[in-house]
Amino acid sequence: MIGLVRSVVERVRAARPMRRARLERFGAIVQLAWPRALVFVDRAMARRVTRVAAEPAAWRDAETELGDHVLSAPLEAHLQLTNRCGAGCVGCYTGASPQGAPHEWGLAEWTHAIDELADAGVFHLALGGGESAVLPWLGELAAHARARGLVPNLTTSGLEGQGALLAIADRFGQINVSLDGLGATYAAVRGFDGFARADAAIRRLRAVKREVGINVVVTRHNFGELDAIFAYAKDRGLSEVELLRFKPSGRGARAYAELRCTDAQHRAFLPTILAAAKRHRVRVKVDCSYTPMLAHHAPDRALLAELAVYGCTGGDFLIGAKPDGRITACSFAAPPPPHGDHRPLVTELAAYWQAPGAFGAFRTWREAREPCASCTYHALCRGGCKVVSAHVNGDPSSPDPECPRVVDARPAQAHRHLPVI
Amino acid sequence: MRQRGRRGRIFAIKWGMNPNSSSLGVDVTFLLVGATALAIVTPVIGALLRWRSNKPVAAVDDKP
């Protein structure tokens, strides 16, 4: 017990230099390095725990609640450093290839981008690809992010570049390996047998780093295996399992009909993952697009809000950037229309963030139609995943077609539209 | 979340860091233990914030 207390105190002390804060209209966001968290506080508490000027610009207008307005900058930026990857997964949401994308940025451009993000007060980076582990300058970029006060985090397939990654693993806050199934299920989901290589990468990374987890794209093929995946994570000593909904983006658009979960699986999602997390004592995270499936079970709304469980926060809590630097509301979304004479770049975040109409439908979620408009979770869920809505309905602002509430409303709406004979 | 009035208020705590470059990951492990556990943890986080505020950080302000 004494050892545990000592360990906690040492971690808190060691984490002290990492603390950062950013003022918001509602108050402030304070980053803690240990425990690792972003804490959203009102103005009174912000004055107590941060150094605030007498009349900060962010507080000129009346104090509001969290979620009432777009944040002053994203919490995190998802940088697709490259679209190069030789894995060829059938459902790859970026359509990655060995050749990569045209006009991919290099170290100098991404370094500039990180400077811009740091100046804006962004806290975290999520670096991905393609396979970013193959980039010879990845470690240098991660070190620069650290120097500017941002925490770089990484997703890797575990299939390429792992030797170099081991040497720089300590520069990342969290590293997750994509693992969409165990053994043969991996091949069924991804289209090739890569489980053994991904597993080996997980073992090697875990040997040098505590904060290693897995990202699991949940499909109808691996849904029944979720409990076994949690058992695997426990067995490997992983820090978390992050579950991602299948998105119809990139090559995933073609594979969507075959791989997406069924409605029954979506309804069973929350109890299934909580039971698995409890049984195997592994932390579980879910991506933003799963919020409709959480709301289906009517959890305590205040608790969801206190855990910062939101649906689509693209262009608000998060942004993405393509390999050529074009900014997006999220990694699955297409870049917004030109702003001025070109599409906005991540290095132009500050100018674009407050531009009229910035991020289009991602910021107009309050103008919801039924059944979202009357849903008590709408302020959190924000209408579900706009990428799925755009693919299925042709309209990103339409209700998420996989939300159980939307599915349930469908027969009634269809009935109303029957022609009168 | 608690602690209204002069002491201020914590609206939300977003736990962990998100390595996933395709979406915003949130830790839902707390849904297992419910609001009671979070109600215990929140004052601890508040105390941690205040304990370390003897050397407060300068907050990034909005655009001037």
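Sequence lines set the chain letters: A, B, ... in the order given, protein chains first and strands last, and positions in each chain run from 1. Model, not experiment: these values are computed from the prediction.
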S.K.: For A/L32 and B/L49, what are the C-alpha separation, side-chain angles and deciding distance, and is it a side-chain contact (heavy atoms from CB on, under 4.5 Å)?
M.R.: CA-CA 8 Å; A/L32 288 178; B/L49 288 175; 3.9 Å; yes
S.K.: Side chain, backbone, both or neither: which part of A/I29 has a heavy atom under 4.5 Å from chain B?
M.R.: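 Neither part.
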S.K.: What's the shortest heavy-atom distance between B/I10 and A/M45, and which atoms?
M.R.: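 Answer, listing the atom of B/I10 first, then A/M45: CG1-SD, 3.5 Å.
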S.K.: So what's closer than 4.5 Å to chain B heavy atoms on A/E76: side chain, backbone, both or neither?
M.R.: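 A/E76 touches chain B through side-chain heavy atoms alone.
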S.K.: One pair to check against side-chain contact (heavy atoms from CB on, under 4.5 Å): A/H124 and B/N18. What are the steps and the verdict?
M.R.: CA-CA 8 Å; A/H124 299 162; B/N18 178 32; 5.7 Å; no
S.K.: Of all of B/V28, B/L32, B/N20, which one pairs up most often with chain A through heavy atoms under 4.5 Å apart?
M.R.: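 Maximum pair count with chain A is reached by B/N20.
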S.K.: Please flag which part of A/Y93 lies under 4.5 Å from any non-hydrogen atom of chain B: side chain, backbone, both or neither.
M.R.: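 Contact with chain B: side chain only.
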S.K.: Is any side-chain heavy atom of A/L154 closer than 4.5 Å to one of B/P19?
M.R.: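 No, every pair of side-chain atoms sits at 4.5 Å or beyond.
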S.K.: When only pairs under 4.5 Å are counted, which of A/T291, A/L270, A/L318, A/V286 shares the most heavy-atom pairs with chain B?
M.R.: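 Most pairs with chain B among the choices: A/V286.
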S.K.: Assess the residue pair B/I13 and A/L38 against the criterion (side-chain contact (heavy atoms from CB on, under 4.5 Å)); give the C-alpha distance rounded to whole Å, side-chain angles, the decisive distance to 0.1 Å, and a yes or no.
M.R.: CA-CA 6 Å; B/I13 304 171; A/L38 294 177; over 6 Å; no
S.K.: Taking the side chain as C-beta and beyond, is there a heavy-atom pair between B/L24 and A/D287 under 4.5 Å?
M.R.: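 They are not in contact (no side-chain heavy atoms under 4.5 Å apart), so the answer is no.
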S.K.: With chain B as the partner, which of A/C288, A/G213, A/A302, A/G128 has the greatest number of non-hydrogen pairs under 4.5 Å?
M.R.: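 Most heavy-atom pairs within the cutoff with chain B belong to A/C288.
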S.K.: Measuring heavy-atom distances to chain B, does A/E211 have an atom under 4.5 Å in its side chain, in its backbone, in both, or in neither?
M.R.: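 A/E211 has no heavy atom closer than 4.5 Å to chain B.
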S.K.: For B/M17, does its backbone N or O pair with a side-chain atom of A/K285 as donor and acceptor, under 3.5 Å?
M.R.: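 Checking the backbone N and O of B/M17 against the side chain of A/K285, a donor-acceptor pair under 3.5 Å is found.
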S.K.: Give me the atom names and distance for the closest heavy-atom approach of B/G25 to A/E242.
M.R.: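 Here B/G25 and A/E242 meet closest at CA-OE2, 3.3 Å.
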S.K.: Within the distance-only criterion (no hydrogens, no angle test), does the side chain of B/T29 pair as donor or acceptor with the backbone N or O of A/V284 below 3.5 angstrom?
M.R.: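 Confirmed, B/T29 side chain pairs with A/V284 backbone.
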S.K.: Heavy atoms, side chains only, cut-off 4.5 Å: are B/D27 and A/L307 in contact?
M.R.: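 Side-chain contact under 4.5 Å: no.
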S.K.: Checking A/D42 side chain against B/R9 main chain: does a donor-acceptor pair fall under 3.5 Å?
M.R.: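 Checking the backbone N and O of B/R9 against the side chain of A/D42, a donor-acceptor pair under 3.5 Å is found.
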S.K.: Tell me the ring pair (Phe, Tyr, Trp, His ring centres under 6.0 Å) pairs involving residues 12-43 of chain B, sequence neighbours left out?
M.R.: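 Those involving residues 12-43 of chain B are B/W15-B/F30.
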S.K.: With sequence neighbours left out, what residues match A/A321 under side-chain contact (heavy atoms from CB on, under 4.5 Å)?
M.R.: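 Testing A/A321 for side-chain contact (heavy atoms from CB on, under 4.5 Å), a comparison that skips the adjacent residues, returns A/L79, A/W110, A/V346.
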S.K.: Can you name the closest pair of heavy atoms from A/T64 and B/F11 and give their distance?
M.R.: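 Closest approach of A/T64 to B/F11: O-CZ, 4.1 Å.
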S.K.: Among A/T313, A/D300, A/V282, A/L244, single out the residue with the greatest number of heavy-atom pairs under 4.5 Å to chain B.
M.R.: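 Result: the option with the highest number of such pairs is A/L244.
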S.K.: Which heavy atom in B/I45 sits nearest to a heavy atom in A/P35, and how many Å separate them?
M.R.: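 Closest approach of B/I45 to A/P35, heavy atoms only: CD1-CG, 3.6 Å.
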S.K.: Are A/E306 and B/T42 close enough, and set up right, to give a side-chain contact (heavy atoms from CB on, under 4.5 Å), and what steps lead you there?
M.R.: CA-CA 9 Å; A/E306 289 165 6; B/T42 301; 5.7 Å; no
